[in-house]
K.L.:
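Dropping a structure here in structure tokens format, bear with me for questions.
For the numbers below, each heavy atom of this structure counts, side chains included, while hydrogens, waters and symmetry mates do not. So you know, we letter chains A, B, ... as the sequences are listed, proteins then strands, and number each from 1.
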Amino acid sequence: MADDNKPLNFIQQAISGDLGTGAITKIVTRFPPEPNGYLHIGHAKSICLNFGLAQQFGGNCHLRFDDTNPEKESEEYVQAIIKDVQWLGFQWHGEVRYASDYFDQFYAWAQHLVCEKKAYVCQLSSEEMRKNRGTLTAPGTNSPFRESSVEESLELLEKMKDGDVAEGSMTLRAKIDMASPNISLRDPVMYRIKKMPHHRAGDKWNIYPAYDFAHCLEDAIEGISHSVCTLEFTSNRPLYDWFINSLPVPSKPRQFEFGRLNLNYSVTSKRKLKQLVDGNYVDGWDDPRLPTISGLRRRGVPAVAVRNFCDSLAVAKTDGLVDLSQFEFFIRDELNKNAPRAMAVLHPLKVVITNLPEGHLEQLPAPCHHELQLGDRNLPFTREIYIDANDFKEEYSKKLNKKLSPGRRVRLRHCYVIEADDYLKNETGDVIQVNATLVSETLGKDPIDGIKPKGVVHWVSATNCVDCDVYLYDRLFSDPLPDSGDKDFLEMIEKESLKILTNCKAERSLADVEIGVPYQFEREGYFCKDSHSGDSKKIVFNQTIALRSSWTDILS
RNA sequence: UGGGGUGUCGCCAAGCGGUAAGGCAGGGGCUUUUGAUGCCCCCAUGCGGAGGUUCGAUCCCUCCCACCCCAGCCA
């Protein structure tokens with residue numbers, strides 16, 4: 001996975017240095033999601049980074065749920081996240097871990113800090129605390145409870161834990177420096193009261209540890225050597241180090257921050273994704289238009305494509321905005337190499353090959369892949385077939401010389417050459433049938449008269465095919481930056497982002513394909529059977545991505 | 001405005017004092033029973049700006065500019 005020729009990024013350099021000096025003998029990383037939503041492509045970058053680092057340097061990577069806030073967390077998210085990490089192809093070391101497993105230790109350490117006079121119970125309300133915190137330019141002022149006795153704080157902390165005091169009435173705070181230019185250090189909250197059951201700890205606790213207090217200790221308990229997080233935590237690092245250095249922890253992890261992944265035309269914010277799901281703007285967390293891992297999976301994006309994309313991204317301190325086209329490249333790259341080929345007609349137009357007898361049936365072998373040895377499948381060739389309406393033009397034109405038109409020829413893919421004679425229209429003026437002649441002896445050969453067709457067209461037997469619906473997806477947002485602050489991202493939802501084609505015809509072999517396994521529908525794109533197809537009799541195919549095209553068709 | 005971080009091609013980026021890698025996108029050409037794929041070529045006298053140090057600076061120094069993060073009992 002990691003390319004040996006690639007220069008080491010700054011985290012790899014640090015690890016390599018630590019290993020070189022003997023500061024550590026084995027690296028341990030971790031992926032620490034909060035179970036408050038589904039994973040998305042941004043998390044994939046973090047997953048690939050953390051698991052990749054461990055792999056590369058012969059260490060371990062843990063999967064640990066940072067479940068310190070029962071208000072937002074649930075078992076549903078835990079299960080979804082576990083499934084997504086596995087699907088991406090990673091296996092964590094040991095059991096799945098939970099911050100909640102360490103709650104007793106956290107509490108003991110909190111008491112330890114109180115005894116050391118490095119923490120105190122503060123009875124300021126949240127509004128008062130906010131006022132006392134100062135501003136970016138003005139220092140804060142000390143809480144009146146800052147010098148409470150050890151005994152008093154210990155006693156109040158116990159009461160907080162036992163649920164004897166009201167929510168919001170007090171907190172446990174670290175005693176650091178209310179005048180620090182770094183606001184994270186202005187006596188941060190360590191524990192807050194939440195009289196709420198926890199998805200794993202049940203009713204045991206009425207207080208829950210805050211991120212800054214908990215996260216560094218979770219890392220230290222697990223012996224994490226390199227704690228990798230995103231840029232916005234940079235100013236929290238001094239606090240991370242403060243707890244580590246103030247407590248008798250078993251190890252001293254170091255925090256490194258990298259720039260998170262931003263993709264244009266996408267939202268990668270759990271809050272906004274949840275809004276889209278809860279507001280029914282999309283079909284659940286796994287809607288194929290979402291950049292969630294489950295959405296990508298449902299859409300047919302292979303895990304290896306996600307990994308390759310993430311590995312192509314630099315680990316740096318710049319927060320860049322990556323072009324969707326860069327992701328699409330890796331999707332197509334993987335699919336082109338490995339997806340079996342098949343044919344399906346999305347806008348069926350009947351073609352009657354008049355010089356073939358009624359009931360003509362010929363099984364034509366067609367390779368499932370042009371390079372891979374995937375074998376052949378048989379295509380039933382009959383007198384009536386469907387081609388795509390876009391591949392027939394009433395008038396020939398030089399620009400469209402690969403299309404079928406009266407008097408012109410086209411090669412049916414893996415089949416014969418046909419020549420159009422005439423066509424029928426309905427009352428609204430749509431072409432509804434083309435009559436054509438098969439040019440003899442053109443199976444695997446050019447016509448003997450030397451008139452070689454310019455175009456190749458995909459087709460399906462009209463009498464031996466399966467009906468299906470095809471869902472075409474476009475970007476969910478019309479704006480390249482739906483996520484950027486001031487605008488309302490819900491107003492930028494692209495109304496046409498889902499187009500449903502209900503009259504599609506697919507070759508027989510596509511009837512029983514496995515859900516989620518991508519196929520290339522030749523000349524159209526990559527598709528997979530939808531996981532929600534089960535509801536109706538009809539098969540639903542999701543378009544993973546269209547083929548790259550140097551051609552822009554006039555019709556769609 | 002205090003603190004922290006970042007600025008190299010449209011996008012992502014390497015570069016660690018010796019004279020601007022690579023990928024994506026884009027343009028051109030060849031091949032092709034997928035207008036796909038593959039292959040070939042083109043695409044920064046320039047590294048946020050201005051000074052300075054040096055034989056030599058994207059890399060060092062100074063000042064300036066822009067953008068991002070921090071004032072949740074969220075993570």
K.L.:
When you measure from the side-chain N and O atoms of Arg411(A) to the phosphate of G35(B), is any distance below 4.0 Å, counting only OP1 and OP2?
P.N.:
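Looking at the OP1 and OP2 atoms of G35(B), neither is under 4.0 Å from any side-chain N or O of Arg411(A).
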
K.L.:
Where does the angle between the aromatic ring planes of Phe10(A) and Phe256(A) fall among parallel (under 30°), tilted (30 to 60°) and perpendicular (over 60°)?
P.N.:
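If you compare the ring of Phe10(A) with that of Phe256(A), the planes turn out tilted.
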
K.L.:
Would you kindly compare Glu127(A) and Gly444(A) by the position of their nearest RNA chain B nucleotide and give the one closer to the 5′ end?
P.N.:
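Nearest nucleotide further toward 5': that of Gly444(A).
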
K.L.:
Specify the separation, in whole Å, of atom NE2 of His370(A) and atom P of A36(B).
P.N.:
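Rounding to the nearest Å, NE2 of His370(A) and P of A36(B) are 12 Å apart.
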
K.L.:
Using a heavy-atom cut-off of under 4.0 Å over every strand shown, decide if His414(A) touches base, sugar-phosphate, or nothing.
P.N.:
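Contact class for His414(A): base.
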
K.L.:
So Met343(A), base contact, sugar-phosphate only, or nothing? Heavy-atom distance under 4.0 Å.
P.N.:
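If one applies the 4.0 Å heavy-atom cut-off, Met343(A) turns out to touch nothing in the nucleic acid.
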
K.L.:
For C74(B), does OP1 or OP2 lie under 4.0 Å from any side-chain N or O of Thr68(A)?
P.N.:
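It does not, given that no N or O in the side chain of Thr68(A) lies less than 4.0 Å from OP1 or OP2 of C74(B).
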
K.L.:
Looking only at atom P, what distance separates G29(B) and A36(B), rounded to whole Å?
P.N.:
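Their P atoms lie roughly 13 Å apart.
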
K.L.:
A36(B) phosphate, OP1 or OP2: any side-chain N/O from Arg413(A) under 4.0 angstrom?
P.N.:
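For Arg413(A), the contact criterion (side-chain N or O under 4.0 Å from OP1 or OP2 of A36(B)) is not met.
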
K.L.:
What does Leu364(A) touch in the nucleic acid at a heavy-atom separation under 4.0 angstrom: a base, only the sugar-phosphate, or nothing?
P.N.:
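No contact.
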
K.L.:
Would you mind telling me which of C24(B), G35(B), A75(B) lies closest to the side-chain atoms of Phe233(A)?
P.N.:
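Among C24(B), G35(B), A75(B), the one nearest the side chain of Phe233(A) is A75(B).
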
K.L.:
Taking only N and O in the side chain of Lys194(A), is any of them less than 4.0 Å away from OP1 or OP2 of C74(B)?
P.N.:
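Yes.
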
K.L.:
Would you please indicate if the ring centroids of His215(A) and Phe233(A) are separated by under 6.0 Å?
P.N.:
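No.
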
K.L.:
Taking CG from Asn338(A) and P from U37(B), how many angstroms apart are they, rounded to a whole number?
P.N.:
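Rounded to whole Å, this separation is 16 Å.
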
K.L.:
Side-chain N or O of Ser550(A) versus OP1/OP2 of A36(B): is the shortest distance under 4.0 Å?
P.N.:
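Yes, Ser550(A) has a side-chain N/O under 4.0 Å of OP1/OP2 on A36(B).
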
K.L.:
Less than 4.0 Å between a side-chain N and a carboxylate O, is that true for Arg97(A) and Glu218(A)?
P.N.:
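Looking at Arg97(A) together with Glu218(A), the answer is no, because their closest N to O distance does not fall below 4.0 Å.
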
K.L.:
Taking atom C1' in both A75(B) and C69(B), what distance in whole Å separates the two?
P.N.:
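Looking at atom C1' only, A75(B) and C69(B) are 14 Å apart.
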
K.L.:
Below 4.0 angstrom, N of the basic side chain to O of the carboxylate: do Asp388(A) and Arg523(A) qualify?
P.N.:
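Salt bridge: no.
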
K.L.:
Out of C73(B), A75(B), C11(B), which has the shortest distance to the side chain of Gln326(A)?
P.N.:
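Among C73(B), A75(B), C11(B), the one nearest the side chain of Gln326(A) is C11(B).
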
K.L.:
In whole angstrom, what separates Asn390(A)'s CG from U34(B)'s P?
P.N.:
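Value for this atom pair: 19 Å.
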
K.L.:
Report the relative orientation of the aromatic rings in Phe31(A) and His43(A); use parallel for angles under 30°, tilted for 30 to 60°, perpendicular for over 60°.
P.N.:
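Plane angle over 60°, so perpendicular.
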
K.L.:
Using the C1' atom as the point on both nucleotides, what is the distance between A71(B) and G2(B), in whole Å?
P.N.:
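Comparing C1' positions in G2(B) and A71(B) gives a spacing of 11 Å.
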
K.L.:
Quick one: classify the glycosidic conformation of G72(B) as syn or anti, with syn meaning within 90° of 0.
P.N.:
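That one's syn.
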
K.L.:
At under 4.0 Å between heavy atoms, what does Gln13(A) touch on the DNA or RNA strands: base, sugar-phosphate, or nothing?
P.N.:
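Counting heavy atoms under 4.0 Å across all strands, the contact made by Gln13(A) includes a base.
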
K.L.:
Identify whether any heavy atom of Gly320(A) sits under 4.0 Å from a base atom; if not, whether one sits that close to sugar-phosphate; answer base, sugar-phosphate or nothing.
P.N.:
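Gly320(A): backbone/sugar contact only, no base atoms under 4.0 Å.
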
K.L.:
Can you see if the side chain of Arg271(A) gets near the phosphate of G72(B) - specifically, an N or O under 4.0 Å from OP1 or OP2?
P.N.:
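Arg271(A) to G72(B) OP1/OP2: no side-chain N or O under 4.0 Å.
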
K.L.:
With a non-hydrogen cut-off below 4.0 angstrom, is Thr135(A) in contact with a base, only sugar-phosphate, or nothing?
P.N.:
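The answer is base, as Thr135(A) lies within the cut-off (heavy atoms under 4.0 Å) of a base atom.
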
K.L.:
When the C1' atoms of G56(B) and C43(B) are compared, how many Å lie between them, rounded to an integer?
P.N.:
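It works out to 29 Å between them.
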
K.L.:
Can you say whether a donor on the side chain of Gln520(A) sits under 3.5 Å from an acceptor on the base of U34(B), or the other way round?
P.N.:
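In this structure, the two groups form a donor-acceptor pair.
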
K.L.:
State plainly whether the residues Lys161(A) and Glu158(A) are in salt-bridge range, i.e. N to O under 4.0 Å.
P.N.:
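Yes, Lys161(A) and Glu158(A) are salt-bridged.
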
K.L.:
Examine the side chains of Glu75(A) and His199(A) and answer whether a donor and an acceptor come within less than 3.5 Å of each other.
P.N.:
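The criterion, which ignores hydrogens and geometry beyond distance, is satisfied for His199(A) and Glu75(A).
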
K.L.:
Closer to the 5' end of RNA chain B via nearest nucleotide, is it Arg133(A) or Val315(A)?
P.N.:
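By nearest-heavy-atom nucleotide position, the 5'-most residue is Val315(A).
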
K.L.:
May I ask you to check whether Phe309(A) and Phe327(A) place their ring centres under 6.0 Å from each other?
P.N.:
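Yes; Phe309(A) has its ring centre under 6.0 Å from that of Phe327(A).
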
K.L.:
Hey, where does RNA chain B pair up into stems, meaning at least three consecutive Watson-Crick or G-U pairs with distances under 3.5 Å?
P.N.:
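In RNA chain B, stems of three or more pairs: B:2-7 with B:65-70, B:10-12 with B:22-24, B:26-30 with B:38-42, B:48-52 with B:60-64.
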
K.L.:
For Arg200(A), does the CZ atom sit with more than 12 other heavy atoms under 6.0 Å from it, leaving out its own atoms?
P.N.:
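Correct, the count exceeds 12.
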
K.L.:
Expressed as a whole number of Å, how far does the P atom of C67(B) sit from that of C24(B)?
P.N.:
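One P to the other, the span is 32 Å.
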
K.L.:
Would you measure the distance from the C1' atom in U8(B) across to the matching atom in C47(B) and give it in whole Å?
P.N.:
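Each nucleotide's C1' atom is 4 Å from the other's.
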
K.L.:
Hey, is Trp551(A) stacking on G35(B)? Ring centres under 5.5 Å, planes under 30°.
P.N.:
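A stacking contact exists, since Trp551(A) sits close and nearly parallel to the base ring of G35(B).
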
K.L.:
Is it true that Phe213(A) and Trp109(A) have ring centroids separated by less than 6.0 Å?
P.N.:
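Here the rings of Trp109(A) and Phe213(A) have centres that are no less than 6.0 Å from each other.
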
K.L.:
Categorize Thr234(A) for me: base, sugar-phosphate, or nothing, with a 4.0 angstrom heavy-atom threshold over every strand shown.
P.N.:
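If one applies the 4.0 Å heavy-atom cut-off, Thr234(A) turns out to touch the sugar-phosphate alone, with no base involved.
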
K.L.:
Go through A71(B), A13(B), G35(B) for me and flag the one nearest to the Thr318(A) side chain.
P.N.:
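For the Thr318(A) side chain, the nearest candidate turns out to be A13(B).
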
K.L.:
Contact class for Leu231(A) (heavy atom, under 4.0 Å): base, sugar-phosphate, or nothing?
P.N.:
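Nothing, no heavy atom under 4.0 Å.
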
K.L.:
For G23(B) and C39(B), measure between their P atoms and round to the nearest Å.
P.N.:
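It works out to 11 Å between them.
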
K.L.:
Please determine whether any donor N or O and acceptor N or O are separated by less than 3.5 Å between the side chain of Arg523(A) and the base of U34(B).
P.N.:
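A donor-acceptor contact between them is absent.
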
K.L.:
At under 4.0 Å, does any side-chain N or O of Ser180(A) touch on OP1 or OP2 of G3(B)?
P.N.:
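Looking at the OP1 and OP2 atoms of G3(B), neither is under 4.0 Å from any side-chain N or O of Ser180(A).
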
K.L.:
Give a yes or no on whether a donor-acceptor pair under 3.5 Å exists between the nucleobase atoms of U34(B), that is its base, and the side chain of Arg341(A).
P.N.:
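Indeed there is one.
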
K.L.:
Considering residues, nucleotides and ligands other than Lys454(A), do more than 12 of their heavy atoms fall under 6.0 Å from its NZ?
P.N.:
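No, because the 6.0 Å sphere around NZ of Lys454(A) holds 12 heavy atoms or fewer from other groups.
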
K.L.:
Can you check the distance between C61(B) and G7(B), where both ends of the measurement are the P atom (answer in whole Å)?
P.N.:
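These two P atoms come out 15 Å apart once rounded.
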
K.L.:
Between Phe329(A) (CZ) and A13(B) (P), how many Å, whole number?
P.N.:
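Result: 17 Å.
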
K.L.:
Taking the side chain of Ser235(A) as heavy atoms from C-beta outward, which of A14(B), G3(B), G35(B) is closest to it?
P.N.:
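Closest nucleotide among those given: G3(B).
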
K.L.:
Figure out the CZ/C1' separation between Phe213(A) and C74(B), and round it to whole Å.
P.N.:
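These atoms are roughly 17 Å apart.
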
K.L.:
How long is the line joining CG of Leu404(A) and P of U33(B), in whole Å?
P.N.:
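It works out to 18 Å between those atoms.
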
